[in-house]
Q: 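Below is one structure. I have some questions about it.
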Number of protein chains: 4
Amino acid sequence: MSKTQPTVLLTGFEPYGGMSGNPAYATMRALDGEIIAGHRIVGRPLPVSIARIGAEIDDLLHEFRPQTVISLGLAPGEPVIRLERVGLNLADFELGDNEGLTSRDQPLSRQGSAARWASLPLRRIEAALLAKGIPVRLSETAGTYLCNACLYGFLERLEDQAVPCGFIHVPMTPDLAAEAIVRRRHDGMDRLPPPSMSLDLIVAAVRIAISETVSGSAPA
Amino acid sequence: MSKTQPTVLLTGFEPYGGMSGNPAYATMRALDGEIIAGHRIVGRPLPVSIARIGAEIDDLLHEFRPQTVISLGLAPGEPVIRLERVGLNLADFELGDNEGLTSRDQPLSRQGSAARWASLPLRRIEAALLAKGIPVRLSETAGTYLCNACLYGFLERLEDQAVPCGFIHVPMTPDLAAEAIVRRRHDGMDRLPPPSMSLDLIVAAVRIAISETVSGSAPA
Amino acid sequence: MSKTQPTVLLTGFEPYGGMSGNPAYATMRALDGEIIAGHRIVGRPLPVSIARIGAEIDDLLHEFRPQTVISLGLAPGEPVIRLERVGLNLADFELGDNEGLTSRDQPLSRQGSAARWASLPLRRIEAALLAKGIPVRLSETAGTYLCNACLYGFLERLEDQAVPCGFIHVPMTPDLAAEAIVRRRHDGMDRLPPPSMSLDLIVAAVRIAISETVSGSAPA
Amino acid sequence: MSKTQPTVLLTGFEPYGGMSGNPAYATMRALDGEIIAGHRIVGRPLPVSIARIGAEIDDLLHEFRPQTVISLGLAPGEPVIRLERVGLNLADFELGDNEGLTSRDQPLSRQGSAARWASLPLRRIEAALLAKGIPVRLSETAGTYLCNACLYGFLERLEDQAVPCGFIHVPMTPDLAAEAIVRRRHDGMDRLPPPSMSLDLIVAAVRIAISETVSGSAPA
């Protein structure tokens with residue numbers, strides 16, 4: 001890695017919730033090592049662990065000192081690329097993480113403010129994706145599970161730095177949706193199966209998001 | 001075309017409702033001319049016209065005398081491949097067709113029975129798609145628009161023949177979902193954008209459906 | 001009961017699926033014995049049992065020889081009063097009935113046609129409900145569980161008689177929705193809680209449906 | 001009004017978006033003047049106006065110096081009582097307010113923090129509602145329209161005071177849902193009609209929310 005080549009840290013969560021894969025992880029792996037607009041993508045996994053995620057974030061920032069941070073997570077039920085606007089200082093989940101922990105109304109950071117704005121150029125990314133025919137929306141909540149903890153955690157640690165940082169939720173891939181259909185328990189509630197998006201399109205969307213972020217932030 | 005090579009008639013509707021394309025049409029075009037398990041796919045468009053669809057069905061059956069008929073249509077809002085079980089003798093729609101006609105509680109066929117069962121091997125198709133990681137569901141209603149009229153129309157005309165016949169609804173492609181996002185009018189109702197599926201996956205799904213149909217119907 | 005007073009048979013399903021109540025049953029009880037436009041409402045429960053429902057329908061028709069039949073069932077997840085247009089000759093459910101039976105792709109009637117039209121004045125009922133500010137929709141599928149079996153079963157037995165007959169699906173009541181919220185298992189899928197409708201409004205809606213049916217069918 | 005009787009300021013938005021009413025407004029009117037656990041409810045309307053809402057909030061706080069502030073707004077499409085956890089410093093809406101203004105990515109407060117936590121006892125309210133059979137959920141976003149502006153605005157002005165303050169989103173009432181059904185334009189997208197909740201139940205829910213708030217905050 002050239003010393004002067006700026007780094008984009010791209011994180012993707014490991015599988016969780018009993019699913020056989022995670023498109024966030026797969027997208028991170030697909031883009032790891034790629035060069036986008038002169039920036040080197042360093043892809044790294046994040047554990048679905050409320051106990052460990054903070055230390056992992058610290059380690060990644062210490063190791064790579066990235067110029068840009070984009071994190072990826074799966075949003076089951078989401079039909080489109082979802083650009084998160086804000087991370088909340090809150091962990092609240094009944095679905096156990098990969099170490100079996102749950103959380104109820106807990107702050108992520110004792111002294112932390114209620115919320116922190118993602119600092120990616122979300123409107124530019126949104127426009128670029130729509131121009132390419134990729135469905136996308138902005139979102140005012142990243143949930144209260146590990147994805148939000150990741151977003152808030154990075155934003156808190158980077159608050160005094162000019163490092164664009166944000167989180168992108170992605171839909172299930174078709175194979176995960178098919179898996180969910182096979183596994184579902186019928187409870188009499190009439191529901192549609194989960195929507196999905198192909199991994200190729202998710203990777204393309206994240207590549208565009210990175211490109212819009214670094215080309216906008218990079219001086220000529 | 002060899003005289004002895006059996007024919008699968010694959011229809012796909014033209015664009016409608018102001019959309020720039022129709023994945024049903026695109027899938028039909030993609031598979032036209034392909035040979036699947038010794039069967040030749042003949043792809044033909046159908047007009048989104050309640051006045052003309054019956055004559056078009058007549059003409060297609062007369063011209064091709066197919067051994068199998070599978071029709072494709074778009075179901076905006078649908079997240080997965082949707083295998084229709086039944087066609088209803090009913091036309092009822094407020095969204096005008098491509099000639100501006102609407103319909104209210106009208107039978108498609110004066111003497112026709114209330115409904116006709118699709119005769120494709122739907123459970124085999126469902127299982128084959130899920131095995132390939134393609135999300136799918138069976139459906140008890142093909143709606144009351146042109147798609148249902150197509151299904152009912154073919155089934156009525158083929159009722160005394162051993163010709164497997166059915167209808168597959170497909171999701172929007174991502175570009176159409178993006179188009180819908182751009183065009184939407186905000187009415188204050190909180191709604192998710194429409195789900196989508198890549199054209200490649202839709203084509204793969206329809207190819208599997210054809211293969212399961214013709215390999216099952218063909219004697220050794 | 002006066003000999004000349006015509007009878008409306010109003011059925012409501014018992015609770016099922018582990019729920020503590022069923023608004024279809026409660027509505028049937030609330031209206032039992034009421035006189036609407038000179039017609040006497042006879043409310044009777046139906047068992048959620050695929051093995052027993054046919055005999056129950058036979059018994060009820062034999063005992064009451066009703067001039068009108070309206071059946072009620074719960075549609076979990078449904079937000080509005082849902083007027084069923086058609087019963088399908090199909091039983092297909094993985095959620096066990098109250099005797100633990102499931103069904104897969106089975107016809108309800110060996111010789112029966114694919115589907116039968118409900119014979120209530122659905123458009124009049126729809127208009128009357130909307131005029132009273134009660135949300136309603138027509139539906140092309142009553143599902144493939146006991147509700148559909150009830151509708152198809154009554155329609156088949158009454159096919160040669162001028163007895164208006166149909167099925168109305170109703171939403172959960174708020175207490176059942178609250179119960180579902182308390183019981184839910186978090187699977188990571190982001191879903192809204194089920195919609196509901198107050199029992200009072202459901203009862204009012206069914207009363208209007210009965211009134212529209214009998215006043216339309218009754219000669220001056 | 002007794003000098004020593006504490007005041008709950010209960011606001012409700014006026015109708016907007018072309019709807020004929022607003023259950024938030026109607027609930028506010030229904031509870032205005034009621035005494036709950038020794039607290040007097042003062043109900044006041046709020047304008048759906050991004051230009052005027054700040055001054056209205058100032059005036060109300062100046063006039064009533066309330067011990068508790070609860071604001072109500074309509075969430076079309078929402079099936080249950082929705083307790084908002086957080087207000088965002090963001091106004092972003094394409095649906096014009098009642099003066100025709102729209103907003104795009106604008107902060108509500110120049111110096112304000114990204115978000116502020118509602119200070120009602122939300123978990124107690126949630127538990128009390130579920131115990132009474134009223135469906136409810138907590139929410140991490142109050143949207144980016146006037147409702148959120150109201151919540152953020154009150155929280156900002158009350159930040160140094162021990163005044164419990166929050167926002168409750170309520171579903172459409174059935175009459176508004178029926179109105180939406182009548183008015184809808186068919187665009188070919190298959191969607192369920194909006195869910196609703198009776199005004200009586202909404203009023204009961206808000207009464208419980210007030211009671212839980214003031215009984216918890218009141219010293220013996």
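A note on names: the letters A, B, ... follow the listed sequences, proteins ahead of strands, and every chain is numbered from 1. Note that these values count all heavy atoms, side chains included, but never hydrogens, waters or copies made by symmetry.
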Q: Shortest non-hydrogen contact from Ala115(A) to Ala114(D)?
A: O-CB, 3.4 Å
Q: Pick whichever of Asp105(D), Leu90(D), Val86(D), Leu122(D) has the most heavy-atom pairs under 4.5 Å with chain A.
A: Asp105(D)
Q: Taking side chain as everything from C-beta outward and backbone as N, CA, C, O, which of these in Thr144(A) sits under 4.5 Å from a heavy atom of chain D? Side chain, backbone, both or neither.
A: side chain
Q: Kindly indicate whether the side chain of Asp92(D), heavy atoms from C-beta on, has any atom under 4.5 Å from the side chain of Arg85(A).
A: yes
Q: If we only count heavy atoms from C-beta on, is the Glu140(A) to Asn148(D) side-chain gap below 4.5 Å?
A: no
Q: Which answer fits Asn89(A), side chain, backbone, both or neither, if we ask what part of it has an atom under 4.5 Å from a heavy atom of chain D?
A: both
